[in-house]
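I have a structure here, written as structure tokens, and I will follow up with some questions on it.
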Protein chains: 2
Amino acid sequence: MLFTAAEENYIKSIFHLQEDGSLVSTNAVAANLHTSAASVTDMLKKLKSKKLVSYEKYKGFKLNTEGKKTALIIIRKHRLWESFLVNTLQFGWDEVHEIADQLEHIQSKKLVDKLDEFLGYPKFDPHGDPIPDSNGKMHEQIQTSLAELAIHESGEISALGNPSSALLELLQHKQIQIGTNLIVEKIFSFDQSMEIKMNNELLFTISHELAKNLFIKKR
Amino acid sequence: MLFTAAEENYIKSIFHLQEDGSLVSTNAVAANLHTSAASVTDMLKKLKSKKLVSYEKYKGFKLNTEGKKTALIIIRKHRLWESFLVNTLQFGWDEVHEIADQLEHIQSKKLVDKLDEFLGYPKFDPHGDPIPDSNGKMHEQIQTSLAELAIHESGEISALGNPSSALLELLQHKQIQIGTNLIVEKIFSFDQSMEIKMNNELLFTISHELAKNLFIKKR
DNA sequence: AATAAATTTTAGACAAATCTAAATTTATTC
DNA sequence: GAATAAATTTAGATTTGTCTAAAATTTATT
Ligand SMILES: [Mn+2]
Ligand SMILES: [Mn+2]
Ligand SMILES: [Mn+2]
Ligand SMILES: [Mn+2]
């Protein structure tokens with residue numbers, strides 16, 4: 001099924017607002033999309049007729065299975081494009097959202113999958129949010145970025161936030177890879193850089209920028 | 001000025017149809033965009049009110065200076081995205097047009113310029129059409145692709161069609177660069193490969209694929 | 001020059017997406 | 001348990017882009 005950009009924006013908004021599986025309100029979507037409550041009601045009728053939401057007048061609504069599946073496709077596109085912009089085109093992570101809000105509506109499954117491949121199948125976007133794979137599966141956030149570990153906490157590297165070639169070069173040089181065990185020995189408040197011990201041996205310093213891109217399963 | 005995707009499609013269509021500076025007809029645009037003549041007339045009123053076309057009822061129309069400038073921005077985007085798709089994401093040159101027809105409407109000057117930089121400022125798209133630079137200037141086709149030279153013709157390499165890293169690697173290895181003089185010694189009809197003499201010395205074979213991507217100023 | 005044919009424009013309608021204002025339903029408060 | 005407030009839906013309009021059919025204009029052909 002193909003959807004208009006407007007429909008996709010509503011689907012995405014509802015998805016984000018129902019995180020916990022609860023019902024979503026008309027006003028919440030209106031506020032989120034900076035539109036009127038009346039417009040939301042109009043669109044809900046349409047999404048209901050297209051069988052993407054369960055909706056009863058005045059009672060609230062939520063995406064059904066098909067609706068969630070659709071939302072994940074849009075979110076996948078949004079976050080892959082953000083990764084491309086930051087990673088490949090060197091945009092700052094704070095200037096990509098608007099552009100990705102346009103790019104997420106480009107219709108071509110092949111494009112998205114090729115982009116994913118080109119980017120090296122990143123698990124998280126530049127803001128740390130998980131990127132659904134081509135089956136709509138997202139890494140649950142049982143992992144945290146290294147940057148969020150406290151002193152003396154330890155874990156194992158489980159994913160790369162956004163594998164640019166520059167990042168991969170750095171990791172190769174420092175011999176860091178998926179599965180590497182590490183423990184935080186010190187955090188310098190000046191620049192948030194961390195001193196970490198790797199595989200109980202080597203001790204070295206990691207920038208905050210790098211720490212944000214290393215995802216960890218705590219131990 | 002910002003324009004809708006529909007407006008941009010009309011502007012681009014008119015641009016292509018007036019190549020020689022002549023007036024364009026309603027039916028020509030209708031055929032080109034697979035729409036009705038009535039729709040074209042409606043849109044022309046709008047483009048006239050936005051001062052992009054000169055148009056007199058029943059007499060035909062053409063883009064004015066501002067209209068052409070706008071058209072070149074859209075064409076620049078279309079051809080850069082095509083280059084990206086073929087070059088970076090490994091699409092075939094015959095499967096990128098539809099996707100570029102969507103991508104050309106993404107609004108962000110910075111995105112286009114960064115994409116151009118990332119691609120290495122290609123002069124021609126994967127179909128051999130010239131890509132306008134950020135000032136709207138296009139390489140006039142006084143140069144031809146090497147693939148179009150006949151036997152015994154000679155010239156100097158003046159531009160790369162689409163500088164992918166794979167192409168650059170090949171050129172570096174063979175020591176071919178901008179300014180290199182060459183003459184076509186032989187063309188094998190079997191695969192269109194060419195035997196060329198470089199700087200009056202080295203003799204070697206070049207595939208048709210490569211020849212299409214080397215642009216030449218004839219001598 | 002008159003008529004026929006082709007082209008173009010206008011008239012009127014429709015779907016998508018939005019809005020404001022009024023009506024309806026649900027939630028809160030006394 | 002009314003009365004009031006808040007949230008939601010409906011009614012009616014508007015803009016954009018499209019369509020078909022009819023009218024107007026230009027071009028071609030007797
Ligand atoms: Mn969007
Ligand atoms: Mn993001
Ligand atoms: Mn287009
Ligand atoms: Mn092209």
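In what follows, chains are A, B, ... by sequence order, proteins preceding strands, each numbered from 1.
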Select base, sugar-phosphate, or nothing to describe what Tyr10(A) touches, counting heavy atoms under 4.0 Å on all strands. sugar-phosphate
Write down the partner of dT30(D) under the Watson-Crick or G-U wobble criteria, each distance required to be under 3.5 Å. dA1(C)
With no angle test and no hydrogens, is the base of dT24(C) tied to the side chain of Tyr58(A) by a donor-acceptor pair under 3.5 Å? yes
Angle between ring planes, Phe124(A) versus Phe215(A), binned at 30° and 60°: parallel, tilted or perpendicular? parallel
Please determine, for the side chain of Thr35(B), which listed nucleotide (dT10(C), dT10(D), dC19(D)) has the closest atom? dC19(D)
Have His139(A) and Asp133(A) got a donor and an acceptor in their side chains that come within less than 3.5 Å? no
Measure from CG on Leu23(B) to P on dT26(D) and round the result to the nearest Å. 14 Å
Between Arg76(A) and Asp125(A) (salt bridge meaning N to carboxylate O under 4.0 Å), is one present in this structure? no
So, is Tyr55(B) near the phosphate of dT8(C), with a side-chain N or O under 4.0 Å from OP1 or OP2? no
Taking 4.0 angstrom as the limit, do Glu66(A) and Lys51(A) come out as a salt bridge? no
Whole-Å distance between dT25(C) C1' and Glu56(A) CD? 14 Å
Would you mind classifying the nucleic acid contact of Ala37(B) as base, sugar-phosphate or nothing, using non-hydrogen atoms under 4.0 angstrom? base
Identify whether any heavy atom of Ala6(B) sits under 4.0 Å from a base atom; if not, whether one sits that close to sugar-phosphate; answer base, sugar-phosphate or nothing. sugar-phosphate
Taking only the side-chain nitrogens and oxygens of Lys45(B), find out if one of them lies under 4.0 Å from OP1 or OP2 of dT9(C). no
For the residue pair Lys50(A) and Phe3(A), would you count it as a cation-pi contact if the rule is NZ or CZ under 6.0 angstrom from the ring centre and within 45 degrees of the ring axis? no
Could you tell me the separation between the CD atom of Glu7(B) and the P atom of dT18(D), rounded to a whole number of Å? 10 Å
Given dA16(C), is OP1 or OP2 found less than 4.0 Å from the side-chain N or O atoms of Thr4(A)? no
5' precedence on DNA chain C between Asp42(A) and Lys57(A) (nearest-nucleotide basis): Asp42(A)
What is the distance from CE of Met43(A) to P of dT18(C), rounded to the nearest Å? 6 Å
When both hydrogen-bonding distances must be under 3.5 Å and the geometry is Watson-Crick or G-U wobble, what is dA16(C) paired with, if anything? dT15(D)
Both distances below 3.5 Å, Watson-Crick or wobble geometry, any strand: find the nucleotide opposite dT7(C). dA24(D)
Considering just the side-chain nitrogens and oxygens of Asn27(A), establish if one lies under 4.0 Å of OP1 or OP2 belonging to dT8(D). yes
Counting just side-chain N and O atoms, does Ser39(A) come under 4.0 Å of either OP1 or OP2 of dT18(C)? no
At under 4.0 Å between heavy atoms, what does Ser36(B) touch on the DNA or RNA strands: base, sugar-phosphate, or nothing? base
Would you kindly compare His34(A) and Lys59(A) by the position of their nearest DNA chain C nucleotide and give the one closer to the 5′ end? His34(A)
